[in-house]
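Remarks on the structure that follows.
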2 protein chains.
Amino acid sequence: MSTAHGARARARIEVTAAIKEEARRQLAAEGAARLSLRAVARELGMVSSALYRYFPSRDDLLTALIIDAYDSLGESAEGAHDAAASPFERWITVCEAVRGWALDHPHEYALIYGSPVPGYTAPDTTVPAAARVGLLLIGIARDAHQGPAPDRPALADDLRPEAERMAADLAPDLPPGAVTALVAAWAQLYGLVGFELFGQFNRVVEDRETFFRHAVGRLALGVGLVPGPG
Amino acid sequence: MSTAHGARARARIEVTAAIKEEARRQLAAEGAARLSLRAVARELGMVSSALYRYFPSRDDLLTALIIDAYDSLGESAEGAHDAAASPFERWITVCEAVRGWALDHPHEYALIYGSPVPGYTAPDTTVPAAARVGLLLIGIARDAHQGPAPDRPALADDLRPEAERMAADLAPDLPPGAVTALVAAWAQLYGLVGFELFGQFNRVVEDRETFFRHAVGRLALGVGLVPGPG
DNA sequence: CAAAAACGAGAGCAGTGCTCTTGCATCGGC
DNA sequence: GCCGATGCAAGAGCACTGCTCTCGTTTTTG
């Protein structure tokens, strides 16, 4: 089989892990644009050309780091998630976990939600990891809609086809209007996080934690989650 | 003094403009990370070291491009702005202008609203240009609040100090709750634009124009703007 | 007119991603 | 156990990059 095949295979996974670890350290310290293959190799005591045996290009190394970052963020969000709480509280908790992770890993956040690296397009392998937070938010909305449906303004005619298509794709058991609001809230959440992280709130918002909690609370209302018991 | 004296000063402005023009072209074509001083100089038929007489570093050239990008975006938004329309319609128009500009200038949008270039912090000179769209949105909200105040949920106690501080800073004539909603909507607008531009909506949102118009319409509602006549 | 400042050109330094070749260690089939 | 195929590290090298310094030349200024 593949696992026990000698010391060679074992060494390969160890070196691969060491490269990613060192690369992640440089990424956290300096940012994606300053991540240098040669510096990683130098720090690991190997020569730069040897590193290409493990990652055929710098972009491939970046892709691995991107997937790891998505997974780390998804894990944080899922870990903060208390399934016993009310949907509204769970929404707030997940949003705060996303913000907290972003503040703890600014460069990794920038890597996945900031400007894409030029000449680089994320391969499809990143999609599942990238979807984790979204799926979590969909799950919360789904639980909330088990109860009585809040009155939601009727769907405008021109939005209806797209809303129904999105609902069919993402959450067939939810009303199309709720799914549309959910996707918008999902994007808007990252607007709030990104503005804080990238300095756009400098000299504008001071008490960012409180501001954020209220903003995502209003986002939750838009999705149909209600505070209070239940 | 430095101004207007002789052919040297004139040449300096011309060369500076040519550098920025060529740099902007490369920026649009390849993205900020691939913007190369040497390539700009080569294209202009000068040697790379000569370019340092005009921009002391690559970051200084980037700063100039950032300011230009903010101004270009601000101009687009202000140009699309029809002062005769209703505040709600004006809000939608400005948001759509921001989105349109972003789709037309993706790399420049990424430069100002994407990940900050590592090791680079925007100097204060960018602030006025960066504030233009925000000021435009504030103006729309101000006009809307000339009329009867819509009923808005009371400010939560923990948010009140920050909300009042923001209102005092940004729009003393607006209720603190409206200013808070406005700042949040401002950030959320860029979440919507960024997600579309950076590919997060791939395989999720198809009819992005319609989706966007409705999402920013709901944003407007949150700020207290109402559709229909008025 | 002479001193000073601005300028273009070139060489050079340290760094980058990436490729190619050269030996050596390990592995699988006989 | 041997032997050819494969995996791997090392080094040299290419074409770049940002940036600095020096050296004449030109323009501006006092």
Side-chain angles (χ1 to χ4, degrees), chain A residues 1-20 22-23 25-27 29-66 111 116-121, chain B residues 1-20 22-23 25-27 29-66 111 116-121:
Chain A
M1 299 300 292
S2 66
T3 47
H5 261 245
R8 190 139 245 174
R10 180 188 308 270
R12 182 167 184 85
I13 29 185
E14 272 176 18
V15 174
T16 306
I19 291 173
K20 285 211 294 183
E22 176 60 32
R25 174 158 46 240
Q26 291 195 14
L27 174 64
E30 301 274 9
R34 293 200 176 172
L35 172 64
S36 149
L37 275 180
R38 294 182 106 112
V40 170
R42 195 184 311 132
E43 210 68 22
L44 261 52
M46 57 170 81
V47 89
S48 73
S49 60
L51 212 147
Y52 284 83
R53 301 260 175 202
Y54 300 88
F55 294 93
S57 84
R58 185 177 176 276
D59 283 358
D60 290 272
L61 179 53
L62 273 180
T63 298
L65 295 180
I66 285 175
L111 184 63
V117 180
Y120 169 84
T121 50
Chain B
M1 297 296 294
S2 62
T3 51
H5 270 241
R8 188 136 248 178
R10 179 187 311 270
R12 183 167 185 86
I13 326 187
E14 275 176 16
V15 173
T16 306
I19 292 173
K20 285 212 294 185
E22 176 59 32
R25 173 159 47 239
Q26 292 195 13
L27 175 64
E30 299 275 9
R34 292 198 177 174
L35 172 64
S36 148
L37 274 182
R38 293 183 107 113
V40 171
R42 196 183 309 131
E43 211 68 23
L44 261 51
M46 56 170 83
V47 88
S48 74
S49 61
L51 210 148
Y52 284 82
R53 304 265 179 203
Y54 300 88
F55 294 93
S57 84
R58 184 178 177 275
D59 282 358
D60 290 272
L61 178 54
L62 273 181
T63 299
L65 295 180
I66 286 175
L111 184 63
V117 180
Y120 168 84
T121 51

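This is a predicted model, so every value here is computed, not measured. Note on naming: letters A, B, ... go to the chains in the order of the sequence lines (proteins, then strands), and numbering restarts at 1 for each one.
Atoms CG (B/Leu37) and C1' (C/dT16) sit 15 Å apart, rounded to a whole Å. To the nearest angstrom, C1' of D/dT27 lies 15 Å from CZ of B/Arg10. What separates CZ of B/Arg58 from C1' of C/dG15 is a distance of 14 Å, to the nearest Å. For B/Arg42 and D/dC19, the CZ to P distance is 15 Å, given to the nearest whole Å. Distance CD (B/Glu43) to P (D/dC16): 13 Å, rounded to an integer number of Å. For the pair A/Leu44 CG and D/dA9 P, the computed distance is 11 Å after rounding to whole Å. As a whole-Å value, the separation of A/Met46 CE from D/dA9 C1' is 9 Å. If you measure from atom CZ of B/Arg34 to atom P of C/dG17, you get 13 Å, rounded to the nearest angstrom.
Looking at heavy-atom distances under 4.0 Å, A/Leu51 makes no contact with the nucleic acid at all. Looking at heavy-atom distances under 4.0 Å, A/Leu61 makes no contact with the nucleic acid at all. Residue A/Ser36 is classed as a sugar-phosphate contact, given heavy-atom separations below 4.0 Å to backbone atoms only. Heavy atoms of B/Tyr54 sit under 4.0 angstrom from primed sugar atoms or phosphate atoms, though from no base atom.
Summarising the geometry of B/Leu37 relative to B/Ser57, their closest heavy-atom pair is CD1-C, 4.4 Å, with the distance given to 0.1 Å.
Comparing atom distances between the B/Ser48 side chain and each of D/dA9, D/dC19, D/dT26 picks out D/dC19 as nearest. The side chain of B/Ser57 sits closest to D/dC19 out of C/dC7, D/dC19, C/dT16. Comparing D/dC21, C/dC18, D/dC19 by their closest approach to the side chain of B/Tyr52 singles out D/dC19.
Between A/Arg12 and C/dC27 there is no side-chain polar atom (N or O) within less than 4.0 angstrom of OP1 or OP2.
Side-chain N/O atoms of B/Arg38 and base N/O atoms of D/dG18 include a donor-acceptor pair closer than 3.5 Å. Put simply, the side chain of B/Arg8 and the base of D/dT26 share a donor and an acceptor less than 3.5 Å apart.
Remark on DNA chain C: of its neighbouring residues A/Arg53 and B/Val47, the 5'-side contact belongs to B/Val47, judged by nearest-heavy-atom nucleotide.
Atom-to-atom distance recorded for A/Glu22:CD and A/Leu35:CG is 9.5 Å, nearest 0.5 angstrom. Taking CZ of B/Arg42 as the start and CG of B/Leu51 as the end, the distance is 11.5 Å to the nearest 0.5 Å.
B/Thr63 and B/Asp60 are not linked by any side-chain donor-acceptor pair at a separation below 3.5 angstrom, with hydrogens and angles left out of the test.
At a threshold of 4.5 Å between non-hydrogen side-chain atoms, the residues B/Met46 and B/Val15 count as touching.
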